[in-house]
Number of protein chains: 2
Amino acid sequence: MIHEPAACAGRMLAIRDTVELLSGKWKIQIIGTLVFENSMKFMELKRNIPGIGAKMLSKELQELEINQLITRTVCDTKPITVEYKITPYGLTLEPIIAELATWGANHRKHLFSNSN
Amino acid sequence: MIHEPAACAGRMLAIRDTVELLSGKWKIQIIGTLVFENSMKFMELKRNIPGIGAKMLSKELQELEINQLITRTVCDTKPITVEYKITPYGLTLEPIIAELATWGANHRKHLFSNSN
DNA sequence: GAAACTAGTTTCCTTGAAGAAACTCATTAT
DNA sequence: ATAATGAGTTTCTTCAAGGAAACTAGTTTC
């Protein structure tokens with residue numbers, strides 16, 4: 001923990017990079033699911049993430065793949081299925097996901113204890 | 001780490017709660033700055049966060065205050081200044097901010113080692 | 001009295017993110 | 001034949017997030 005202005009600016013840059021990579025309404029949820037389940041088919045993901053449409057799911061998955069956080073594998077099944085899997089690199093996001101989850105869970109308690 | 005579907009759904013809910021609380025282009029940066037600097041005036045924040053406009057800064061600060069992550073204190077100076085300060089509760093976001101920062105920093109190295 | 005400073009607010013405008021619905025295409029079950 | 005399934009793509013539309021610029025208001029310095 002350094003307080004030099006330069007180090008601070010670099011830190012803010014890093015934060016912005018991460019946030020931008022995970023931007024979009026569904027990316028964190030997709031990653032969160034895949035970190036947890038390791039691998040899922042397109043339709044399984046769609047069913048698992050309530051409210052998401054095919055277009056959005058497809059788009060977000062493409063962007064995650066471009067950033068090497070997940071892999072896309074076409075499976076030779078009838079009918080064809082596509083398996084999405086988290087990469088080892090994608091798994092390095094797990095601490096972030098975990099912190100978001102524990103903070104959110106705690107926040108519920110905080111709200112409850114505050115609203116008498 | 002449980003894999004029951006109910007626990008998984010709850011976990012996803014918690015993640016969404018946190019993400020929503022920090023939604024908006026500037027909130028994480030504001031929190032990041034205030035976690036680091038502890039307290040700042042309106043204009044200091046504006047100068048510290050490149051690109052943000054007065055309207056957005058004001059709006060995001062209001063929302064953060066509503067969620068008790070920061071406090072707003074009018075100082076009796078000439079001209080008046082307003083001090084924004086992170087609350088103890090806001091400080092509990094520090095692990096998230098820290099993870100975002102270290103992941104982003106690491107991502108830079110990853111990109112570098114991957115290109116050529 | 002003009003200009004400058006802090007801390008905003010107001011108005012007006014643009015653009016991109018997101019959604020809904022229909023469509024493709026290959027295969028297979030009825 | 002027709003419906004269903006998986007994995008998308010395409011089109012069309014809308015709404016809200018965000019930005020720019022001007023404005024308020026109180027005080028103070030030039």
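In what follows, every chain begins at residue 1, and chains take the letters A, B, ... in the order their sequences are listed. For clarity, every value in this text was computed on a predicted model and none was experimentally measured.
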Closest approach to the side chain of [X], judged atom by atom: which nucleotide of [options] is it?
X     : options              : result
A/R47 : D/dG6, C/dG8, C/dA18 : D/dG6
B/K41 : D/dG19, C/dA7, D/dG8 : C/dA7
B/T81 : C/dA7, D/dG19, D/dG6 : C/dA7
B/V82 : D/dA7, C/dA7, C/dA18 : C/dA7
B/M43 : C/dG8, D/dA7, C/dT6  : C/dT6

With a 4.0 Å limit, can you tell me whether [X] has a side-chain N or O closer than that to the phosphate oxygens OP1/OP2 of [N]?
X     : N      : result
B/K55 : C/dT11 : no
A/R72 : D/dG8  : yes
A/S58 : D/dT9  : yes
B/Y84 : C/dG8  : yes
B/K78 : D/dT27 : no

Exercise for the section: Please determine, by modelled atom types, if A/E83 and A/S39 share a side-chain donor-acceptor pair under 3.5 angstrom. Expected result: yes
Just the rounded figure in Å: distance from [atom2] of [N] to [atom1] of [X].
X     : N      : atom1 : atom2 : value
B/F42 : C/dC5  : CZ    : P     : 16 Å
A/K25 : C/dG16 : NZ    : P     : 19 Å
A/E20 : D/dA17 : CD    : C1'   : 16 Å
B/W26 : D/dA17 : CH2   : C1'   : 12 Å
A/E65 : D/dG8  : CD    : C1'   : 14 Å
A/M56 : D/dG8  : CE    : P     : 15 Å
B/E83 : C/dA7  : CD    : P     : 10 Å
A/L57 : D/dG6  : CG    : P     : 14 Å

Practice task
Quick one: label B/Q62 by what it contacts on the DNA or RNA (base, sugar-phosphate, nothing), any heavy atom closer than 4.0 Å.
Solution key: sugar-phosphate
Exercise for the section: Report which part of the nucleic acid A/K46 touches: base, sugar-phosphate, or nothing (heavy-atom distance under 4.0 Å, all strands). Expected result: nothing
Exercise for the section: Take B/L34 and B/L64, measure what side chain to side chain contact (heavy atoms under 4.5 Å, CB included) needs, and give me the verdict at the end. Expected result: CA-CA 11 Å; B/L34 288 179; B/L64 292 174; 5.9 Å; no
Handout entry: Identified side chain to side chain donor-acceptor pair (under 3.5 Å) counterpart of A/W103 within the set B/T92, B/T18, B/D17
Key = B/T92
Exercise for the section: Could you tell me whether A/I80 atom CD1 has more than 12 heavy atoms of other residues or ligands within 6.0 Å of it? Expected result: no
Problem - B/Y89 and A/H110 aromatic ring geometry - parallel, tilted or perpendicular at 30°/60° bounds - result: parallel
